[in-house]
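A short write-up of the structure that comes next.
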Amino acid sequence: MTYNLFISHSWTYMNAYNSLIDLLNSDPYFIYKNYSIPKNDPIHNAKNDYQLKEAIKNKMQHARCVLIMAGVYSTHSKWINIEIKIAHELNKKIIAIEPWGSNRTSEVVKKSANKIVKWQTSSIISAIKEI
């Protein structure tokens, strides 16, 4: 089975996004399609915030669930908060992923999540399959 995912992320913190992709790719039996918007392929035709929001919504509608890294930066990210709102509008389940070794995490992300998991391949994949 292929799992369609929208992975919320901040382009400022691409290392965390790339590390999460590496975790998902490390399980040879887990097959997924990533509907997130990568830095190397942004939505070029979005001329304003409304168009970008609609483009995100169009991508997210195909996802089974939304993965959001619950780092403290997420609390202050305009776009991650918009993505949470879109996920709720589309009735998408949210999985909050607590960053490896973090003492502080985003309460905003965790309160909006259907499931909170640790930064561990098996935990993340199990949550995706469960939801």
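It should be emphasised that the depicted structure is a prediction, and the values quoted were computed from it without experimental measurement.
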Identify the residue among Asn34, Ile31, Leu67 that makes a side-chain contact (heavy atoms from CB on, under 4.5 Å) with Leu24. Leu67
What are the two closest non-hydrogen atoms of [X] and [Y], and how far apart are they?
X      : Y     : answer
Ser112 : Ile94 : O-CD1, 3.7 Å
Lys57  : Leu90 : O-CD1, 3.9 Å
Met69  : Ser8  : CE-O, 3.7 Å

Are side-chain N/O atoms of Tyr17 and Ser36 paired as donor and acceptor at under 3.5 Å? yes
Beyond-backbone contact of [X] with [Y], side-chain heavy atoms, under 4.5 angstrom:
X      : Y      : value
Lys93  : Lys115 : no
Lys118 : Ile97  : no
Phe30  : Asn25  : no

Are more than 12 heavy atoms, taken from residues, nucleotides or ligands other than Lys129, located less than 6.0 Å from that residue's NZ atom? yes
Heavy-atom count around Lys110 NZ within 6.0 Å, excluding the residue itself: above 12? yes
Can you tell me if Asn4 uses its side chain to pair, donor with acceptor, with the backbone of Arg64 under 3.5 Å? no
Please check this pair: side chain of Lys53 against backbone of Ile82, looking for a donor-acceptor N/O pair closer than 3.5 Å. no
Is there a side-chain contact (heavy atoms from CB on, under 4.5 Å) between Ile116 and Val109 once you walk through the steps? CA-CA 9 Å; Ile116 302 169; Val109 173; over 6 Å; no
Step by step, work out the side-chain contact (heavy atoms from CB on, under 4.5 Å) result for Glu98 and Val117. CA-CA 6 Å; Glu98 294 182 321; Val117 297; over 6 Å; no
To the nearest 0.5 Å, what is the distance between [atom1] on [X] and [atom2] on [Y]?
X     : Y      : atom1 : atom2 : value
Leu23 : Thr121 : CG    : OG1   : 4.0 Å
Lys92 : Asn114 : NZ    : CG    : 12.0 Å
Ser26 : Ile125 : OG    : CD1   : 6.0 Å
Phe6  : Ile56  : CZ    : CD1   : 5.5 Å
Leu5  : Ile95  : CG    : CD1   : 8.0 Å
Leu20 : Ile68  : CG    : CD1   : 11.5 Å

Do His62 and Lys33 pass the side-chain contact (heavy atoms from CB on, under 4.5 Å) test, and can you show the C-alpha distance, the side-chain angles, and the key distance before you say yes or no? CA-CA 10 Å; His62 301 289; Lys33 182 166 181 175; over 6 Å; no
Report the C-alpha distance between Ile7 and Tyr35 in whole Å, list the side-chain angles of each, state the deciding distance to 0.1 Å, and finish with yes or no for side-chain contact (heavy atoms from CB on, under 4.5 Å). CA-CA 7 Å; Ile7 304 170; Tyr35 281 94; over 6 Å; no
